[in-house]
Amino acid sequence: MNKRIVVFASGSGSNFKNIVNKIKLHKLSAKIYLLVSNNPNCEAVNFAKRNGIDIFIYNSKRFPNDKSQIYLSEKLISYNLDLILLAGYMKKISTSIVNKYKNKILNIHPSLLPLYGGKGFYGLKVHNEVHKNNEEESGATVHFIDSNYDTGPILIQKKIKLEADISVQDIADRVLKVEHEIYFKALKLFCHNKIFWKNNKPLIKG
Ligand code: GRF
């Protein structure tokens, strides 16, 4: 049975596109049913439109009084989903949604968490700091979310070595490639029921 997946994205959506394309290519038993975005004009939304994926725009312009994300929650319930993938989603998920989908919401982060995570660490800001600190390595992390920024249990990380003279843009480009690789790997593990939980930590079978 296909796993029912919902993706949240706010920007260029390269992780979202990569996952949609790879599901087709690798015949993974998963289907992206819905894209949630706060930004109706972003490339992720355009891609969803072109690919016949349902779109739910959730922002304060459309739902000015929805402080508890009740409309978003109702939408998600209607899709009977198995997993949520956050892929460059710039808004915080409410605690009620985090609790309702405990261990069912993954996020991808462009650093080796817990390094360079937390509020304010997103996009090039992460890579700028890594560069400024002359780090010898960086990478990406896939983790389940909790109600804080970037602190939830880690599922997969992959490191890359950084040469001494590497530019910020090169770090960003190389890390993004790693993100695409490990986010799909994480999805595959989920779809093949390879993830299990022990003492609140996700472990991988086999
Ligand atoms: C990625 O770097 C991801 O780690 C972060 O937001 C960025 C989204 O990139 N959470 P894209 O929109 O998938 O290209």
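Both ligands and their constituent atoms are indexed starting at 1 by order of listing.
Defined by atom type and a distance below 3.5 Å, a donor-acceptor pair is present between the side-chain atoms of T151 and D146. In this structure, a donor-acceptor pair under 3.5 Å is absent between the side chains of S138 and H127.
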For ligand 1, run through the N/O pairs with the protein that fall under 3.5 Å and put one pair on each line.
| unit_1 | atom_1 | unit_2 | atom_2 | d |
| --- | --- | --- | --- | --- |
| ligand 1 | 2 (O) | E179 | OE1 | 3.2 |
| ligand 1 | 2 (O) | E179 | OE2 | 2.9 |
| ligand 1 | 4 (O) | I108 | O | 3.2 |
| ligand 1 | 4 (O) | E179 | OE1 | 2.7 |
| ligand 1 | 4 (O) | E179 | OE2 | 3.2 |
| ligand 1 | 10 (N) | I108 | O | 3.0 |
| ligand 1 | 12 (O) | S12 | OG | 3.3 |
| ligand 1 | 12 (O) | G13 | N | 2.8 |
| ligand 1 | 13 (O) | S14 | N | 3.2 |
| ligand 1 | 13 (O) | N15 | N | 2.8 |
| ligand 1 | 13 (O) | N15 | ND2 | 2.9 |
| ligand 1 | 14 (O) | S12 | OG | 3.0 |
| ligand 1 | 14 (O) | S14 | N | 3.0 |
| ligand 1 | 14 (O) | S14 | OG | 2.6 |

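Salt bridge absent: E179 and R174 never bring a charged side-chain N and a carboxylate O closer than 4.0 Å.
Not counting sequence neighbours, the partners of Y89 by the ring-ring contact (aromatic ring centres under 6.0 Å, His included) test are F8.
Inter-residue side-chain proximity for I105 and F144 is flagged as unmet; no heavy-atom pair is nearer than 4.5 Å.
For the pair K75 and Y58, the cation-pi test (distance below 6.0 Å, angle within 45°) is failed.
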